[in-house]
2 protein chains.
Amino acid sequence: MPSSTVENYLKRIYLEQQAEPAGEIVSMKSLAGAMGVTPGTATSMARSLADSRLVAYEPYGGVKLTARGRTLALRVLRRHRLIESFLVDALGLDWSEVHDEAESLEHAISDKLLDRIDEFLGFPSVDPHGDPIPTAAGEVRQAALTALTEVEEGAEVRIARVLDQDEKFLRFVDRHMLRPGTRARVLAHDHAAEAVTLQSGKLPAVTMGRTAAAKIMVELIRG
Amino acid sequence: MPSSTVENYLKRIYLEQQAEPAGEIVSMKSLAGAMGVTPGTATSMARSLADSRLVAYEPYGGVKLTARGRTLALRVLRRHRLIESFLVDALGLDWSEVHDEAESLEHAISDKLLDRIDEFLGFPSVDPHGDPIPTAAGEVRQAALTALTEVEEGAEVRIARVLDQDEKFLRFVDRHMLRPGTRARVLAHDHAAEAVTLQSGKLPAVTMGRTAAAKIMVELIRG
DNA sequence: TAATATATTTTGATTAGTCAAAAATCCCTG
DNA sequence: CAGGGATTTTTGACTAATCAAAATATATTA
Ligand SMILES: [Mn+2]
Ligand SMILES: [Mn+2]
Ligand SMILES: [Mn+2]
Ligand SMILES: [Mn+2]
């Protein structure tokens, strides 16, 4: 059984691989940064994960999950996201506070209990942030989504996923009724100001910067 | 914050202190036995807990919780028992399988989530085994109970608590409808055979040995 | 391409938790 | 009250995870 430290590293490497443009390879610098450890620690963990055949690692060559490492990472991610869903749906916690809780529970819960939770929730495919929940078999069913920055002016969209789990950002999203599932209309792109204006429900329109808009993924509603 | 290892030791010392007849002092031998570690490990942990003012420890003198140690132990026990209750009541797990799950979740759950669970359950005072749930303030509201071995023949009782959490024992209790809350009648004590016979619902009477009967605590129903 | 900056690895150290086995102490029984 | 068995402590060793700082390699840039 992998320790929770190892589980955290694998999950983080998986997420960094998704983010990293450079051929899915994660550098020691970004790994150390993402894990909040010193570079030396990242190096020694990389070697140890490689010894366990969970990552491919060459000195000075960064790190990349093996098939086994990926399977394990997805298992942790599945736990994390099912737990988040459960905390929101069954216990009424706010979606802005479940992340930290899931971060520790993901290592403590048994397979049996996880299955029970999955069943209780009706086998959801996304968590409260719109993040896809990997299947028990290790598949990620990812819908094709568009970043808010890429949507044409005037288009109707459905918010599908919020990529930043930071409490402040999630509360901002909340305030303007932009949770996953909500409809909204893109009113304008101001390229000079690097800003996007959109409008949801009966609320006044809101203008946000490119960087914020890039963290909101949507589905286009044809029409 | 105490590590989960420390939490486990404190909880175990608390439980051993309850059990131990000898003036509430827990020997290194029983601590090591209860924790499944070697005596040397128990000694070094005793010293380290004493350094943190969580136990009183004198070489060759055994170990005893301080006020702070007791408070912490009760916090862990509260978590453990609320989690067991939640798993049974909210997720329908069997009472014979929740103990191990709670053993790890008790270290991973936040105070906030625990409060939510407590509220969800309606602030229960006992867990599925009838074990008292310490209050957040650290009080143990313990009802006065009688062991089945001490009950007079013919008496009506309500099963209140089952002291052995072993899966096999719990399933035995289940089979004979002797869960906490159920009524039963003590039909006979056979002192020579060291056996107690009792009867619950419409099931045929069951005879069990003294040792088993001593693990079932009951409330007397006057009448 | 040489110098400089950045990234990575190595080294030496620390802490928590554990074990095996030797040494010391305690305490019961004769 | 003296052994001898049981208990406890000590010693030395190990693993996982970490850091600080020195050494080394790679990348950038002038
Ligand atoms: Mn985690
Ligand atoms: Mn999420
Ligand atoms: Mn535990
Ligand atoms: Mn219990």
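Labels below follow one simple rule: chain letters A, B, ... track the order of the sequence lines, proteins then strands, and each chain is numbered from 1.
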[X] has an atom [atom1]; how far is it from atom [atom2] of [N], in whole Å?
X     : N      : atom1 : atom2 : answer
B:L49 : C:dA16 : CG    : C1'   : 12 Å
A:M28 : C:dT10 : CE    : P     : 12 Å
A:M1  : D:dA16 : CE    : C1'   : 17 Å
A:L31 : D:dT18 : CG    : P     : 11 Å
A:E58 : D:dT26 : CD    : P     : 12 Å
A:Y60 : D:dT26 : OH    : C1'   : 8 Å
B:D51 : C:dT15 : CG    : C1'   : 14 Å
B:M45 : D:dT9  : CE    : P     : 14 Å

Does [N] have its OP1 or OP2 closer than 4.0 Å to a side-chain nitrogen or oxygen of [X]?
X     : N      : value
B:T38 : C:dC19 : yes
B:S48 : C:dG17 : no
B:Y57 : D:dT8  : no
A:T41 : D:dA17 : no

For the side chain of [X], starting at C-beta, report the closest nucleotide among [options].
X     : options                : answer
A:K29 : C:dT9, D:dT9, C:dA7    : C:dA7
B:P59 : D:dT9, C:dT18, C:dT9   : D:dT9
A:R47 : D:dT18, C:dG17, C:dT10 : C:dT10
A:T5  : D:dA20, C:dT9, D:dT18  : D:dT18
A:V37 : D:dT9, D:dC19, C:dT8   : D:dC19

Return the orientation label for the B:W95 and B:H129 ring planes: parallel under 30°, perpendicular over 60°, tilted otherwise.
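B:W95 and B:H129: parallel rings.
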
Taking atom types as modelled, is there a side-chain donor on B:H80 or B:H99 under 3.5 Å from an acceptor on the other?
yes

Within 45° cone of A:F169 ring axis and under 6.0 Å: A:K215 NZ or CZ
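So A:K215 does make the cation-pi contact.
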
Flag, side chain of A:R79 to backbone of A:A102, donor-acceptor distance under 3.5 Å:
no

Considering heavy-atom distances to DNA chain C, does B:V6 or A:S44 have its closest nucleotide positioned more toward the 5' end?
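Closest to the 5' end, via its nearest nucleotide, is A:S44.
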
Taking the basic N atoms (NZ, or NE/NH1/NH2) and the acidic carboxylate oxygens, is any pair closer than 4.0 Å for A:R78 and A:D131?
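Looking at A:D131 together with A:R78, the answer is no, because their closest N to O distance does not fall below 4.0 Å.
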
